[in-house]
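Here is the structure we will look at, set down as structure tokens.
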Amino acid sequence: MKDRDVAGSGVRMVEVNGVELGVETFGHASDPVVLLIGKSMLAWPDETCAELACGSRFVVRFDPRDAGGSTSYPPGAPGYGLADLVGDAACLAELVASGPEPRAVHVVAASVGGWVGQLLALDHPERVASLTLISSRPTAPGVADPDLPDHEDRVMAHFMSGEPDWDDRASVVEHLTGLDRVLAGSLGEFDEQAARELAGRAFDRTTSIKSNLINLSFVDSGPRWRERLGDITAPTLVIHGTEDPFFPFGNALALAKEIPGAELLPLEGVGHEPTPVAWRTVTAAVLRHTAVPEAGA
């Protein structure tokens, strides 16, 4: 890796598509753009962002609606649909890659952010240089096709165990830590201290943590898109933990099979979210997938 200044820029509010989103960048704007899409920017560890920037990528992570300090809506009543989230990402991609020669961006999308990533590649192909999907699935919120594995029972049991006191930090931290424990795989020991620290950060920086956690379940997801996956033209990498209980591994198999030319990278023993060791594997794979081909290659 190069010796470069890759410290995060700090979060700034950016107006796109009629809303305000918190955005942070790492690296140099002249490098190829990697746009990270997740439930919040905390889905992307600081170390991962810095490592990607060290690999000569301009890394952009952001808080979508209802995350961090971005435009927020009442719990259970989001004033947006999935198409709006795709529009937000498309506008942000255009903004961060603007210049004398506008560029497409490398989209890396995780978990529910993978829905946005897939639709971005389908509806705005000119914006997407490559697509990486991590721990995602090809169907919308609340929709599990009969041929795909749905959330495992332990995940549903956690959701059915009751809500925390959303105004009480300790209660929310306990709830989120418990969820992270349920979503973990067998690779390595569960790091409870790190999970609690991350949960605390999420509570402290989010306008409405309840809205952040539940509103995606209420959005209008629009038409099905699984049948359109064959139209994705961006080179695609699918990364997925083999022990993911939230979107089980069969979803990754479907994505890799139905997106033309997609490559599948299984993370053995990993759950829904990569472990620190697995993140290093993810980072290396993303750098390889987003590399500019050498002349004549």
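Note that these values count all heavy atoms, side chains included, but never hydrogens, waters or copies made by symmetry. Numbers for residues simply follow the sequence, beginning at 1.
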Does atom [atom1] ([X]) have a neighbourhood of more than 12 heavy atoms from anything else shown, all under 6.0 Å?
X: Asp153; atom1: CG; answer: no
X: Gln193; atom1: CD; answer: no
X: Glu189; atom1: CD; answer: no

Do Val11 and Met41 pass the side chain to side chain contact (heavy atoms under 4.5 Å, CB included) test, and can you show the C-alpha distance, the side-chain angles, and the key distance before you say yes or no? CA-CA 10 Å; Val11 179; Met41 69 170 64; 3.8 Å; yes
How about [X] and [Y]: do any of their side-chain heavy atoms sit closer than 4.5 Å?
X: His158; Y: Leu183; value: no
X: Leu187; Y: Glu268; value: no
X: Phe26; Y: Val34; value: no
X: Leu287; Y: Leu52; value: yes
X: Lys39; Y: Leu213; value: yes

Sidechain-backbone polar pair: [X] side chain, [Y] backbone, donor-acceptor under 3.5 Å:
X: Ser135; Y: Ser111; answer: no
X: Ser221; Y: Val219; answer: no
X: Asp244; Y: Phe247; answer: yes
X: Asp204; Y: Arg201; answer: no

Would you name the heavy atoms of Ala254 and Pro138 that are closest together and state the gap between them?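 Taking every non-hydrogen atom into account, CB-CG, 4.4 Å.
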Going by atom types only, do Tyr80 and Asp66 share a side-chain donor-acceptor pair under 3.5 Å?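 Tyr80 vs Asp66: donor-acceptor pair found between side chains.
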Start with the C-alpha gap between Ile209 and His175, add the side-chain angles, then the distance that decides, and say whether side chain to side chain contact (heavy atoms under 4.5 Å, CB included) holds. CA-CA 12 Å; Ile209 193 69; His175 176 78; over 6 Å; no
Show the atom names and distances, to 0.1 Å, of all donor-acceptor pairs under 3.5 Å that link a side chain in residues 273-282 to residues at least two apart or in another chain.
{"from": "Thr275", "atom 1": "OG1", "to": "Ala278", "atom 2": "N", "distance (Å)": "3.1"}
{"from": "Trp279", "atom 1": "NE1", "to": "Pro274", "atom 2": "O", "distance (Å)": "3.4"}

Given His28 and Phe58, is the ring-ring contact (aromatic ring centres under 6.0 Å, His included) satisfied, shown in steps? CA-CA 5 Å; His28 300 274; Phe58 182 52; 8.5 Å; no
Could you check Leu133 against His240 for side chain to side chain contact (heavy atoms under 4.5 Å, CB included), going step by step and ending with a plain yes or no? CA-CA 8 Å; Leu133 299 171; His240 211 105; over 6 Å; no
